[in-house]
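One-based numbering along the sequence shown.
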Amino acid sequence: MVGNKNRIKSTNDIELKDRLVAINRVTKVTKGGRTFSFAAIVVVGNEDGIVGWGLGKAGEVTTAIAKGVEAAKKNLIRVPVHKGTIPHEQIAKFGGAEVLLKPATLGTGVKAGGAMRAVLESVGVTDVLAKSKGSSNPHNLVKATIEALGELRSPFDVAQNRGVSVERVFKG
């Protein structure tokens, strides 16, 4: 799971934008008939390296979305974005969904589908190649993408740990 070092404690001074990834209508059949409720998965981010996800469930769509946004604000992580892309390749898995994220050159754009695109755009990545393998369930895709982003290490941290310059990290 995502390490504690990337967690964000307070959200008061951060301007977050929310994106609705998926909404699911759930039916509960009881003796009195069918009861409908909604589950909304929402991603929030400041498009500058901070992202979070939340799940909201309620009897109405707008209430479910609002609950999802509140849950997402409590679940934020910091992601190292280097020149509009991610610093290195990363693979993560959650449930049946597996995601592969690769850095891309300037001008490539966000080559990702559906749920992954919402997460990557919310974090502020402008150039990335992404592939989802296995399940296309939006809930698991969002969680796997967030997990992959949380495992990314910034080039500055790697250089500091190795005791070398940042240019040396990129040369290999």
Side-chain angles (χ1 to χ4, degrees), residues 1-11 13-23 40-55 68-69 72-73 75-172:
M1 197 64 198
V2 178
N4 286 338
K5 67 182 176 100
N6 292 340
R7 289 255 178 238
I8 303 219
K9 306 289 187 266
S10 69
T11 62
D13 55 344
I14 305 170
E15 184 67 35
L16 298 170
K17 297 178 184 174
D18 55 283
R19 290 175 192 252
L20 178 65
V21 177
I23 192 135
I41 187 157
V42 181
V43 174
V44 298
N46 69 344
E47 297 180 356
D48 192 29
I50 294 175
V51 70
W53 70 274
L55 178 65
V69 169
K73 287 180 181 177
N75 191 16
L76 295 175
I77 61 166
R78 187 175 305 279
V79 177
V81 178
H82 183 70
K83 296 180 181 175
T85 188
I86 57 177
H88 57 84
E89 188 175 316
Q90 189 67 47
I91 297 173
K93 196 171 175 159
F94 191 95
E98 185 178 355
V99 297
L100 165 66
L101 302 175
K102 280 186 174 182
T105 57
L106 187 66
T108 304
V110 179
K111 301 290 183 194
M116 290 175 67
R117 175 179 290 274
V119 175
L120 292 167
E121 287 177 349
S122 292
V123 81
V125 175
T126 55
D127 303 298
V128 69
L129 299 170
K131 178 70 181 165
S132 65
K133 302 174 186 174
S135 173
S136 61
N137 179 351
H139 292 263
N140 287 343
L141 272 180
V142 166
K143 293 172 190 173
T145 308
I146 295 274
E147 189 172 317
L149 291 172
E151 292 173 3
L152 290 173
R153 296 169 61 200
S154 115
F156 306 107
D157 292 342
V158 173
Q160 192 175 24
N161 290 346
R162 293 181 188 171
V164 296
S165 67
V166 177
E167 292 80 23
R168 182 100 190 268
V169 170
F170 285 113
K171 287 184 181 178

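- Heavy atoms from other residues, nucleotides or ligands lying under 6.0 Å from CD of Glu89 number more than 12.
- The minimum heavy-atom distance between Thr85 and Ala104, with the atom names listed, is OG1-N, 3.1 Å.
- In this structure, Leu152 and Pro87 approach most closely via the heavy-atom pair CD1-CD, 4.2 Å.
- When all heavy atoms of Val21 and Ala118 are compared, the closest pair comes out as CG2-CB, 3.9 Å.
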(request) Please lay out, stage by stage, how Leu101 and Met116 fare under the test side-chain contact (heavy atoms from CB on, under 4.5 Å). (result) CA-CA 10 Å; Leu101 302 175; Met116 290 175 67; 3.8 Å; yes
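- Within a 6.0 Å sphere centred on CZ of Arg19, other residues, nucleotides and ligands contribute more than 12 heavy atoms.
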Show me the side-chain donor-acceptor pairs of residues 133-146 shorter than 3.5 Å, one per line, residues at least two apart or across chains.
residue	atom	partner	partner atom	Å
Ser135	OG	Asn137	N	3.1
Asn137	OD1	His139	N	3.1
Thr145	OG1	Leu141	O	2.7

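- Interatomic distance, His82 NE2 to Arg153 CZ, rounded to the nearest 0.5 Å: 15.0 Å.
- Between Leu129 atom CG and Leu100 atom CG the span is 8.5 Å, to the nearest 0.5 Å.
- Across all their heavy atoms, Lys17 and Glu47 have their closest contact at NZ-OE1, 3.5 Å.
- Residue pairs meeting the side chain to side chain donor-acceptor pair (under 3.5 Å) criterion with at least one member in residues 91-112, sequence neighbours excluded: Thr105-Thr108.
- In this structure, Lys131 NZ and Ile91 CD1 are separated by 13.0 Å, a value rounded to the nearest 0.5 Å.
- For the pair Val99 and Ala148, the tightest heavy-atom approach, listed with the atom from each and the gap, is CG2-CB, 4.1 Å.
- Put simply, the side chain of Asp127 gets close to the backbone of Gly107: a donor and an acceptor are under 3.5 Å apart.
- Counting only heavy atoms from C-beta outward, the side chains of Val43 and Val51 approach each other to under 4.5 Å.
- In this structure, the separation between OG on Ser154 and NE2 on His88 is 9.0 Å, given to the nearest 0.5 Å.
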(message) Checking Leu120 against Leu149 for the side-chain contact (heavy atoms from CB on, under 4.5 Å) test, could you report, in this order, the C-alpha distance in whole Å, the side-chain angles of both residues, the deciding distance, and whether it holds?
(response) CA-CA 9 Å; Leu120 292 167; Leu149 291 172; 4.1 Å; yes
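- Using modelled atom types, no side-chain atom of Asn75 and backbone atom of Gly52 make a donor-acceptor pair closer than 3.5 Å.
- The minimum heavy-atom distance between Ile23 and Ala40, with the atom names listed, is CD1-CB, 3.9 Å.
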